[in-house]
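Residue numbers begin at 1 in each chain, while the letters A, B, ... track the order of the sequences. Everything numeric in this text was worked out from a predicted model, so none of it was measured. Any value given below was found using the heavy atoms of this structure, including those in side chains, with hydrogens, waters and symmetry copies removed.
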Amino acid sequence: MDFNMKKEHELLKQLYKEFTENEVKPLAAEIDEEERFPAETVEKMKQYGMLGIPFPKELGGQGGDNLAYIMLVEELSKACGTTGVILSAHNSLCCAPIYEFGTKEQKEKYLIPLAKGEKLGAFGLTEPNAGTDASGQQTKAILDGDNYILNGSKIFITNASCAEVFIVFAMTDKSKGTRGISAFIVEKDFEGFSIGKKELKMGIRGSATCELIFENVKVPKENLLGKVGKGFGIAMKTLDGGRIGIAAQALGLAQGAIDETVKYVKERKQFGRSLSKFQNTQFELADMQTRTDASRMLVYRAACNKDNGIPYSREAAMAKLYAAETAMWVTTKAVQLHGGYGYTREYPVERMMRDAKITEIYEGTSEVQKMVIAASML
Amino acid sequence: MKIIVCIKQVPDTNEVKLNPETGTLIRDGVPSIINPDDKSGLEAALELKDKHGAHITVLTMGPPQAEGALREALAMGADEAVLLTDRVFAGADTWATSLTLAKAIEKMDYDLIVAGRQAIDGDTAQVGPEMAEHLKIPHVSYVNDMKKDGDSLILKRMFEDGYHKIRIQTPCLITALAEMNQPRYMSVGMVFDSFKEKEIKKMTFADLDVEAEEIGLKGSPTKVKKSFTKGVKSSGVKYDNLDEREAAKVIVEKLKEKFII
């Protein structure tokens, strides 16, 4: 067993750190405040090959691996949870299913521009009445000649208003239950497809989370992703990978909050000495870092399993569960250690705490992760 | 165009601690970076490559771990990397360093050599110009801007109070200022390429036409008498738009404040 990072990952970490410090951190408070999608950052990420890291070069990617990709989500999220999830949704939820389940033509047409970063991707599974119970899909797809006709709507879709390619799930045969769900690749400009209401959220406020509306949208037959009726499996498999991305986002949020707190407790003085001299501060920080390191081990293990072709569904669920709960716990402690200032928007920890909450909810709640883990045990 | 960019791996801080007994730098635990002036030199070379096409070789002399700086340069877009490493090279002052580098460059093909003005861990600004002297080629130091014009380069050489615009014929050497540009980031794909597809070429003493006495500690005429950490001074206050009378008043007040008068 080797817990040391490979040299290429160390060099990437240096790149990610420089990029985050200079390009992401200065915008984080502003995009939160204005609830603005950081299009300029996404453009820069494209320039440096950050939007298709784990995919082969011939498919527009960087020829890297999943560890390299989630390390970037982690680093971005240290400064900005919004930027972290933009990358995670694009990469894990849109590029990955096309890479894993797409035909050669679909990869050429959609994955190449997505991996190059020329287009941004999104994923539409959740509906008003199909959240954790994703099998209750009400969006329908009916075959009509060479096209499927899609009708219905999706909610809480990350990247929605900025994406050009969407993976959308719909019922092709309601009588078959989950075996009646199919996956489709939908383009932004398909007639009848529109973006609905933008959600006003507690955290990750720069992320464009909107409704998708399908009104008689003609989707060409060749845009069916995988086989008819295999959509539910594709969704679950995709979310297994997505969870590693969200776990990395949570990990980054926790580490970012710790880094801010360490800086603060060294500066802030009360009772004639800096907060860092109090044993309570030291013990709290020790617990925060220990739990965050434990998250990191779980997250990296899940990513390495994926890279090595070893099953990772349970590991991804464990990583997501533990990293998300750690992020919530650590960021709450970080605000507490900042005292009154931590509750103000002058310091980034309150934003990190708001951003952390969603990691316990999306791409499978903590409870869903426990179901996945327990199912693998019993 | 063939460009050789000389870089140095340095500790990432302006406040490196010194071992008080030996007067040498304590490098443990301090992250290493490409020296900022050198990195801007590399960026300048990469910009020439983007515009006119060029083959860029990065060269460094140092211990085996200096390979990290070379990989970074490859991941920024350099084509080739050479690590000049041998125990015999250790302990070199600027004279022996520049001679060793020049002897390695003699074995290579080039139109332009780019070096940084000076390293943040030594601040001598001697190695670049000395290399040019060893190689008997012209050099321009403190370059802040570089454009290619046919076979020659148009350079801006900075002074404290102005600059010279110079046209120079290749082959030549320039030393670059960090202010010259904002170096690009590495790109993710090129980080992988720098390990998977590129090799760091190693050169040792045996590859150079030089005597052992001329290089390393033996070939270094500089003897360090004493090293010490510079005291930190505050940056001072600048007063603008004062007439003579007001200015005199401010000076007197400040001197009184400090109990000088």
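Note that the OH atom of A:Y48 and the CE atom of B:M190 stand 9.5 Å from one another [nearest 0.5 Å]. Expressed to the nearest 0.5 Å, how far CE of B:M76 lies from CG of A:L15 amounts to 10.5 Å. Rounding to the nearest 0.5 Å gives a distance of 8.5 Å between CD of A:Q14 and CG of B:D12.
A:E58 CD: more than 12 foreign heavy atoms inside a 6.0 Å radius. Sparse packing is recorded around NZ of A:K116, with 12 or fewer heavy atoms of other residues, nucleotides or ligands lying under 6.0 Å away. Residue A:K57 qualifies as enclosed at atom NZ: its count of foreign heavy atoms under 6.0 Å is above 12. Counting heavy atoms of neighbouring residues, nucleotides and ligands inside a 6.0 Å radius, atom NZ of B:K49 exceeds 12 of them.
Among all heavy-atom pairs drawn from A:M50 and B:V188, the shortest one is CG-CG2, 3.8 Å. Scanning all heavy atoms of the two residues, the minimum distance from B:Y185 to A:E23 falls at OH-OE2, 2.5 Å. Looking at every heavy atom in both residues, A:E8 comes nearest to B:V191 through O-CG1, 3.6 Å. In terms of heavy-atom proximity, A:A68 sits nearest to B:F192 at CB-CZ, 3.5 Å.
Taking the side chain as every heavy atom from C-beta outward, B:R184 and A:Q47 never approach each other to under 4.5 Å. Between B:R71 and A:K7, the closest side-chain pair of non-hydrogen atoms is not below 4.5 Å.
Neither the backbone nor the side chain of B:Q182 comes within less than 4.5 Å of any heavy atom of chain A.
Under the 3.5 Å distance criterion, the side-chain polar atoms of B:K196 are matched with a main-chain donor or acceptor of A:G63.
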